[in-house]
*Asks:* 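My structure is below; once you've seen it, I'll send some questions.
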Amino acid sequence: MTEEFYVSFHNIRKTFPGVIALSDVNLGVKQGQIHALLGENGAGKSTLMNILYGLYHQDSGEIFLCGQKYEDNTPRNAIEHGIGMIHQHFMLIPNFTVLENLILGQTSPKPPKLEKDYFRKEILKVSEKFGIKVDLDLLVEEVSVGMQQKVEILKALYKGAKLLILDEPTSVLTPQESQELFKMLHDLNKKGTTIIFISHKLNEVMQISNTISILRDGEVVATVAKGETSPKELSRLMVGRDVNVKYEKTSATIGEEVFRIDSISLRDHHNKDRFLVKDVSMQIFKGEIVGIAGVDENGQKELAEIICGLREPTSGGVYLCGDDVTRATTRQLIELGLSFIPADRRNQGLVMDFSIAENTILETHYQKPFTRGFSLQPAVINNFAKKLVKEYDVRTPSVSVPVKNLSGGNQQKVIIGREFSKNTRFLLVMQPTWGLDVGAIEYVHQRLMSARNSGMTILMISTDLEEVRKLSDRILVMYEGEIVGQADSTTSIEDIGMMMAGSLRQDARL
Amino acid sequence: MSEITLTPNTGNNLKDRFFQFASKHMGFISVLISVLAILLALLIGAILIAIAGINPWEAYGYLLKGSFGSRYGFGETLTRFIPLLFASLSFAIAHKSGFFNVGAEGQIYIGAIGALLVGAYVTNLPPILHITLSLLAGIVFGALWAGIAGVLKIFLGSNELINTMMLNYVAIFLVEYLIHGPLKDPQLFIYQSSPILDSAKLPIILPKTPLHAGLIIALVVTVLIFYLLYRTPIGYQMRTVGANLRAAKYAGINIVGVTLVALITTGGLAGLGGAVELMGAQFRMVAGFSPGYGYDGIGVAVMGRYNPVGIVLAAILFAIIRVGTGAMQRGAGVPFPLLSVIQGLIIIFVIASGYLTNKLTETTVGGRA
Amino acid sequence: MEAFLMGTVVTWLAMSIRMSIPLLFTGLGGLVSQKAGIYNFGLEGMMLCGAFFAYYGSFRLGSPWLGLLMAIIVGALLGLLLGFTSITLRVSQLVIGLGIGIFGLGLTSYLYRLLDQTGTEHVATLFPSIHIPFLSDIPFVGEVLFSHNFLVYVCIGLVFLISWFFNRTTQGLNFKAVGENPQVADTAGVNVIRYRYFAIIVSGALASLGGAFLTLTQTARFMENITAGRGWIALAAVILGKYNPWGVLMACFLFGAADAAQMQIQVMSLGIPYQFLLMTPYILAMLAMAGVVGKVRSPAAMGKPYVKH
Amino acid sequence: APAAVEPTQAPTEAEKQVRVAVVFSTTIKDEGYAQAAHGALMEMKDKYNLDVSFQESVTDAAVKDVLRNYASEGYDLVIAHQLYFTDPVNEVAAEFPDVTFAISGGFRADHPNVVAVDATNWEATYLAGTLAGLMTETNKLGIITVSESPIAKRMVNSFRNAAQAQNPDVTVKHVFTGSFDDVVKGKEMATAVIKDGADIIFTNCGAGNIGAIEAAQENGAYAIGSSVDLSSKAPDTVLTSAILSPAEYIKIIINGYMNKDLEWGKYYPMGVKAGIEGLAPFHNFEDKIPQDVKDKLEQVRQDLIAGNIETPSSE
Ligand SMILES: Nc1ncnc2c1ncn2[C@@H]1O[C@H](COP(=O)(O)OP(=O)(O)OP(=O)(O)O)[C@@H](O)[C@H]1O
Ligand SMILES: Nc1ncnc2c1ncn2[C@@H]1O[C@H](COP(=O)(O)OP(=O)(O)OP(=O)(O)O)[C@@H](O)[C@H]1O
Ligand SMILES: [Mg+2]
Ligand SMILES: [Mg+2]
């Protein structure tokens with residue numbers, strides 16, 4: 001049966017220390033397909049593909065490529081067999097230029113010399129052919145995430161990928177960018193590239209793929225043709241139960257002003273006449289969720305850091321419940337009732353090596369009851385953590401497990417639980433569901449809604465437009481450090497998308 | 001997602017039982033592995049000794065007898081253990097706080113100078129007070145010396161590895177200058193500092209041996225340090241800064257403040273080590289005051305895996321090697337260089353054997369619980 | 001006066017170069033391993049072994065070339081040891097390095113004693129200083145630059161070679177990638193483990209050359225602990241040089257020149273306590289660190305072993 | 001207490017053996033002070049069939065413990081071979097009244113069971129200075145030591161006084177290497193002094209001596225070794241060596257102990273008169289050194305013996 005498939009996996013098993021990532025995977029991908037791989041966090045999607053790409057090696061099981069048994073799977077071998085992969089976490093070196101990243105691992109025409117110009121020509125040819133424009137001479141750390149992804153795709157194509165694997169490619173893109181990507185993928189597919197598309201966004205999967213396989217707990221539970229299925233069925237297959245993806249939103253009961261920003265700006269200290277944040281003002285009232293939509297790297301990060309007291313704006317003021325907190329330290333803000341759910345949970349929200357319990361007291365550890373006199377109160381802290389784990393349904397055997405051993409969804413739950421269980425007056429949320437699966441997303445969204453309904457004031461910054469539209473009472477769109485438009489859930493996706501892309505300014509409409 | 005603890009997928013339940021045992025007694029097992037590594041190193045050493053025409057068993061007999069087989073040797077070993085323990089604590093706490101302090105050696109010297117100034121030149125104090133003040137002086141001086149590197153790191157971002165290393169050389173020459181000039185004992189014709197007064201000397205706690213009250217101080221401090229690290233807010237903050245600086249910032253932890261505290265502790269510990277060595281063992285400052293305790297401390301901390309029990313055991317090992325090898329030359333006439341060879345082998349083997357411990361930890365308690 | 005100054009300056013510069021080169025060889029060794037993400041704290045021990053085996057080879061086999069060869073081989077082997085423990089066993093590079101230091105000191109001293117049992121003199125054959133016609137005879141420049149041993153020029157050549165390797169070759173690019181992010185390198189089809197082994201072995205050989213320079217060009221006799229801590233200074237020079245071959249060259253020259261300078265100042269007998277003169281190189285290093293060098297960005301994967309599942 | 005068993009000797013014989021222990025502050029391969037003493041120790045071992053033990057590289061941190069160990073391990077005679085061990089020995093000796101101690105190179109004996117034997121450390125140097133003063137053509141001399149010590153200072157003064165007594169125009173530069181082990185430093189230091197014009201280098205810097213001699217050799221200057229005869233290192237460069245015979249201290253102590261002809265509880269500074277200090281043979285320079293120079297040297301030697309030359313200060 002292997003003949004008909006371009007790639008097929010047979011009884012693949014893969015374990016990591018203490019984890020069975022893949023118990024017994026059987027899967028076939030046909031030539032010329034766009035084959036979607038759907039699954040919850042930790043289902044094993046990335047692991048399976050990493051095995052194919054040779055980054056990991058299976059404990060047991062076989063892979064067949066074009067009917068041939070494919071052994072000794074190393075990345076080099078994969079590249080030679082025309083397998084290209086865009087990883088969930090980009091495989092780029094920040095302080096190398098785009099060009100250098102593309103050359104990496106290539107063999108030069110005149111070894112050992114690094115023939116940059118030769119490679120530049122070659123790469124430009126490819127980018128012409130597939131219509132992917134990137135600036136080869138910028139450092140990767142200087143280009144936007146969207147651009148970095150283009151670099152990744154170009155890299156794969158340049159290395160002659162016949163089979164292209166994309167691991168959650170859209171999580172960082174605007175709707176427009178996603179649509180462009182899909183177009184690009186369709187073209188590639190026409191030109192004969194087989195594509196494996198990993199995601200847990202149902203509508204995307206429905207849109208792009210023609211075959212869909214669902215992974216759960218390290219096994220393929222089903223493979224269906226797109227025509228014969230529905231989002232509802234897919235989500236059930238994925239989570240193993242029914243998920244109500246939509247629910248009605250009660251209109252907000254707006255109270256007094258809680259948070260205000262008066263025309264703050266932040267000058268880029270690397271480039272004095274560039275502003276990372278430019279004349280931003282906003283006013284947020286008790287009991288509403290204000291969403292900031294926008295493509296990544298348009299100043300949201302800097303704005304958030306200013307609000308959290310990690311940076312001082314070059315000009316302008318920030319006010320929390322009337323107090324001027326423009327120059328307040330982060331700790332002062334926290335004590336004034338600011339809570340913050342950062343975008344990057346692994347690096348900003350959690351200390352990966354610490355236990356769950358230790359992570360639950362990151363901001364409050366020095367306060368009663370966690371500290372009495374000189375010393376921390378382990379018993380108190382553990383009980384607190386146990387309660388929190390129970391209430392926010394963090395899936396873990398015990399609170400002494402290091403958070404690095406939790407799945408993304410559960411890590412996020414720890415943060416949310418921590419931030420919600422403080423006495424909060426104003427909540428700043430960034431990318432609350434980044435990389436989470438439907439189950440977790442639904443959970444997080446409900447938590448945010450119920451908080452808002454019980455009078456919490458929330459500012460949510462997210463690059464996931466769906467999310468912003470679904471939760472926000474008001475929407476602000478940010479582009480190149482500026483607020484370019486106001487909107488609400490009635491505004492059309494297209495309009496908001498165009499604002500995010502900078503091609504539409506609201507004042508232009510008025 | 002499958003939240004199962006992984007038991008190796010071989011039906012062999014004897015193996016399973018072993019893994020279960022291992023997961024319960026990891027500490028014990030890691031010690032066991034280290035001991036085996038030491039034996040292996042000693043075995044190779046034995047071959048070399050035999051080649052040198054000496055009876056290895058006799059030689060090792062002296063190693064044991066010299067280091068803790070006799071009352072005096074026992075006291076001597078524990079005396080060497082004291083500064084090693086301080087030095088390793090100093091390195092460990094810096095490491096936990098994300099600071100790479102290889103400067104314990106210099107901080108030991110400077111700390112000792114601090115203790116000397118109070119111990120030798122401040123007169124007619126009651127012993128308790130005099131000792132306390134001298135110890136404090138040691139802490140302060142050590143902290144200040146480490147502080148130089150710290151301030152340079154915090155405010156100029158200079159690399160602390162270099163600065164602490166350079167400060168070692170500077171400290172040693174500085175001390176040499178001091179005992180040649182300002183602090184030279186006028187009574188003496190050679191270059192040594194004046195001795196500290198009797199009221200500043202630490203009492204002997206094991207009669208007929210050099211073992212002094214510094215041992216108690218060292219052990220108490222060890223407990224305090226790990227209490228500080230794991231049971232106090234400031235310790236929590238130090239570990240957070242060490243483990244994830246970004247998260248610490250977002251949590252509103254005052255990075256500069258915490259780093260300063262970490263520095264004061266790391267420097268203070270080494271300085272205290274110097275003070276205790278001076279007040280308990282040597283009494284006056286000489287050019288070769290510390291025979292590399294500061295550097296050994298690094299090995300001790302890593303070998304002890306930065307946990308109190310481990311560090312104490314590793315420090316004892318290093319002390320035994322220091323004292324026992326001396327006995328090997330005295331008793332069996334093992335050539336001096338061979339002793340270094342054996343020391344080197346022991347260190348390399350014990351550290352290398354850590355591989356097994358890590359593997360075992362991974363496959364049993366590690367991963368997602 | 002003029003002439004005296006001239007003389008002193010010439011002596012100083014020439015001396016600075018001689019003092020810098022052993023550091024530079026070893027420093028380049030440290031650089032190569034750290035660029036690939038491995039700390040080499042064994043530099044001192046490797047250097048010492050290099051010094052001994054170069055001496056031994058030259059003395060026993062009568063040819064400095066054979067001495068040089070022996071030094072390189074022994075250095076490479078020690079590199080292999082550090083490589084195996086840090087790349088394959090993934091244990092503390094720091095402490096294994098310290099261990100190699102102690103081991104090396106013992107080993108070399110022991111072998112030297114075996115050699116030395118007969119009271120007879122045993123002097124190694126040295127590489128002669130070269131004399132380039134015309135060049136060497138130019139006043140000032142001649143003595144400063146063209147009066148040295150060929151190994152000096154080899155060492156400078158290595159600096160060119162290494163910076164060319166890192167900036168102008170594909171392997172060099174892969175090499176740096178391995179030190180920055182091994183996983184990325186791996187996905188690009190670069191064999192991380194092989195590159196790292198290569199790096200640490202070369203590192204060992206270079207460190208060893210630093211020692212060989214001492215016993216093949218500077219003194220014809222071996223002495224226990226003859227390297228006297230130069231390996232550690234070299235390690236510092238790598239960071240001081242911002243992980244860049246030319247930077248390392250500057251840093252080593254800083255140490256060498258400062259040391260030479262303090263010697264010259266002693267000769268002038270200005271009555272400064274000699275301890276302060278002896279500490280100048282180290283203080284200068286710190287000042288340089290704080291002043292010109294500033295924040296050093298070390299390879300991102302430094303010291304982190306690459307685990308492949 | 002256990003005897004360090006000599007494989008060659010039957011244990012019965014080992015019982016009667018006198019047991020002698022020596023403590024060194026450096027390794028015994030320092031090409032000088034310790035190496036010479038170790039040689040002498042081995043000589044005595046054979047001469048009296050002693051049961052000998054020694055420990056090298058004993059640090060100031062550990063020396064008292066080492067001494068106590070030896071004392072309590074039943075050694076009859078415990079010798080510390082290092083100026084700086086003077087205090088520790090006197091301290092430990094008080095604790096073990098029935099063990100005999102000696103400080104070879106020491107300067108004080110506080111107890112009846114301690115003896116301190118040392119060279120004057122300046123008389124031989126005085127002869128060296130005389131020779132240098134007479135031989136120098138540039139009137140510039142150099143003297144290299146590891147660090148500053150009273151001994152070193154007194155040597156330097158002695159060397160200077162002697163040289164200037166012969167030749168008032170002579171200037172002497174005193175420089176430091178800061179390291180016992182660093183041959184190359186010694187060499188570069190010497191080079192610096194020579195480049196500065198000195199044509200004779202008196203070297204007394206541990207392992208650095210070798211380097212200093214090589215420097216003289218390469219730059220066409222002369223060297224004067226110290227403590228032991230270093231001529232063999234470079235026969236055509238080393239004029240002579242100022243013999244402080246550390247070997248002799250050990251011999252005097254052990255002979256004195258065995259033959260009961262040395263009085264304990266005293267400090268013996270011994271010099272030219274006692275025949276333990278002096279200049280090494282000229283070897284290759286025997287005929288190169290003019291007779292009148294040799295006569296001058298002999299005359300100075302007589303003055304030293306007669307005590308006509310006052311001890312130079314150690315400041
Ligand atoms: N390097 C690793 N070490 C240990 N465990 C790992 C490693 N990589 C993956 N895992 C575990 O294996 C399981 C599958 O992980 P994988 O990344 O394949 O899931 P996924 O389907 O890609 O999830 P997501 O949608 O969050 O990307 C998870 O439990 C994960 O924690
Ligand atoms: N006024 C400002 N204060 C602080 N950070 C600023 C400011 N303006 C811009 N930034 C941005 O903050 C981010 C972090 O600042 P920083 O310069 O420390 O990072 P960086 O540019 O990566 O540093 P490096 O130059 O060492 O790479 C950068 O993206 C920088 O552009
Ligand atoms: Mg994934
Ligand atoms: Mg930057």
Side-chain angles (χ1 to χ4, degrees), chain C residues 4 7-12 14-16 18-19 21-22 48 51 55 105 109-110 112-113 115-117 119-123 126 128-129 143 213-215 217-230 256 259-269 273-275 277-279 281, chain D residues 26-32 34-36 38-39 42 56-57 140 142 144-148 152 171-198 206-215 217-219 230-235:
Chain C
F4 161 78
T8 325
V9 172
V10 169
T11 320
W12 170 58
M15 190 185 287
S16 309
R18 286 197 303 272
M19 305 278 290
I21 294 303
L48 189 53
Y55 160 80
L105 177 60
S109 308
Y110 185 57
Y112 177 60
R113 288 185 184 196
L115 191 73
D116 193 40
Q117 265 147 3
T120 58
E121 282 308 312
H122 30 70
V123 182
L126 293 184
S129 294
E143 176 170 357
F213 184 87
L214 296 175
T215 48
T217 76
Q218 297 194 281
T219 168
R221 285 182 184 73
F222 181 78
M223 284 287 162
E224 296 184 3
N225 189 29
I226 189 172
T227 48
R230 285 179 177 76
D259 215 349
Q262 66 87 6
M263 292 185 174
Q264 289 292 335
I265 295 170
Q266 283 196 40
V267 173
M268 297 174 195
S269 43
Y274 72 98
Q275 296 94 344
L277 293 174
L278 289 172
M279 60 173 90
Chain D
T26 62
T27 79
I28 54 167
K29 277 281 171 283
D30 66 346
E31 298 287 336
Q35 193 161 351
H38 176 258
M42 292 304 130
E56 293 169 67
S57 297
K140 285 186 171 181
I144 307 177
T145 62
V146 171
S147 62
E148 197 166 59
T171 60
V172 178
K173 291 262 165 83
H174 180 201
V175 294
F176 308 89
T177 62
S179 159
F180 265 104
D181 308 322
D182 203 325
V183 186
V184 174
K185 266 241 173 92
K187 183 169 187 175
E188 294 294 355
M189 209 57 253
T191 312
V193 181
I194 294 167
K195 295 276 182 185
D196 178 57
N209 289 343
I210 304 298
I213 289 169
E214 285 178 341
Q217 195 172 17
E218 286 168 24
N219 295 286
L230 292 174
S231 165
S232 59
K233 306 291 175 199

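First the proteins, then the strands, lettered A, B, ... as listed; each starts at 1. Keep in mind that the numbers below use all heavy atoms, side chains included, and drop hydrogens, waters and symmetry copies.
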*Asks:* Between C:Thr11 and chain D, with a heavy-atom cut-off of 4.5 Å, which part of the residue counts as in contact: side chain, backbone, both or neither?
*Replies:* side chain
*Asks:* Report yes or no: does C:Gln266 contribute a side-chain atom to a donor-acceptor pair with the main-chain N or O of D:Phe176 at less than 3.5 Å?
*Replies:*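 Flag set: sc C:Gln266 to bb D:Phe176 pair under 3.5 Å.
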*Asks:* Show the numbers, then the answer: is there a side chain to side chain contact (heavy atoms under 4.5 Å, CB included) between D:Val184 and C:Arg230?
*Replies:* CA-CA 11 Å; D:Val184 174; C:Arg230 285 179 177 76; 3.5 Å; yes
*Asks:* Write down the atom of C:Val267, the atom of D:Lys173, and the distance for their closest heavy-atom approach.
*Replies:*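 Distance-wise, the nearest heavy atoms are O-CD, 2.7 Å.
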*Asks:* To the nearest 0.5 Å, what is the distance between CD on C:Gln264 and CG on D:Asp196?
*Replies:*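 So the CD of C:Gln264 and the CG of D:Asp196 are separated by 7.5 Å.
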*Asks:* Rounded to the nearest 0.5 Å, what separation is found between the CE atom of C:Met15 and the NZ atom of D:Lys187?
*Replies:*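 Here the rounded value is 11.5 Å.
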*Asks:* Counting distance only, does the side-chain N/O of C:Tyr274 pair as donor-acceptor with the main-chain N or O of D:Ser147 below 3.5 Å?
*Replies:* no
*Asks:* Tell me whether C:Tyr110 at atom OH has more than 12 heavy atoms from other residues, nucleotides or ligands lying less than 6.0 Å away.
*Replies:* yes
*Asks:* Within a strict 4.5 Å, meaning less than it, do heavy atoms of the D:Ile210 and C:Met223 side chains meet?
*Replies:*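 Counting from C-beta outward, D:Ile210 and C:Met223 do come under 4.5 Å.
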*Asks:* Could you state the interatomic distance from CD (D:Glu188) to CE (C:Met263), rounded to the nearest 0.5 Å?
*Replies:* 6.0 Å
*Asks:* Identify which part of C:Ile226 has an atom lying under 4.5 Å from any heavy atom of chain D, answering side chain, backbone, both or neither.
*Replies:*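 Looking at C:Ile226, backbone and side chain both touch chain D.
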*Asks:* Who wins among C:Thr227, C:Leu277, C:Asp259 for the most heavy-atom pairs under 4.5 Å with chain D?
*Replies:* C:Asp259
*Asks:* Side chain to side chain contact (heavy atoms under 4.5 Å, CB included) between D:Thr26 and C:Glu224: does it pass, once the steps are laid out?
*Replies:* CA-CA 10 Å; D:Thr26 62; C:Glu224 296 184 3; over 6 Å; no
*Asks:* Return the CZ to NZ distance between C:Arg113 and D:Lys29, rounded to the nearest 0.5 Å.
*Replies:* 6.0 Å
*Asks:* Could you look at C:Ala260 and say if it's the side chain, the backbone, both or neither that has a heavy atom under 4.5 Å from chain D?
*Replies:*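 Contact with chain D is absent: no heavy atom of C:Ala260 under 4.5 Å.
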*Asks:* Among the options D:Glu218, D:Glu56, D:His174, pick out the one with the most heavy-atom pairs lying under 4.5 Å from chain C.
*Replies:* D:Glu56
*Asks:* How many angstroms lie between CG in C:Leu278 and OG1 in D:Thr177, if you round to the nearest 0.5 Å?
*Replies:* 8.0 Å
*Asks:* Calculate, to the nearest 0.5 Å, the distance between atoms CG and CZ belonging to D:Asn209 and C:Arg221 respectively.
*Replies:* 11.0 Å
*Asks:* Is the shortest heavy-atom distance from the side chain of D:Lys195 to the side chain of C:Val10 under 4.5 Å?
*Replies:* no
*Asks:* With side chain to side chain contact (heavy atoms under 4.5 Å, CB included) as the test, would you mind laying out the steps for C:Gln218 and D:Val183 before giving the verdict?
*Replies:* CA-CA 9 Å; C:Gln218 297 194 281; D:Val183 186; over 6 Å; no
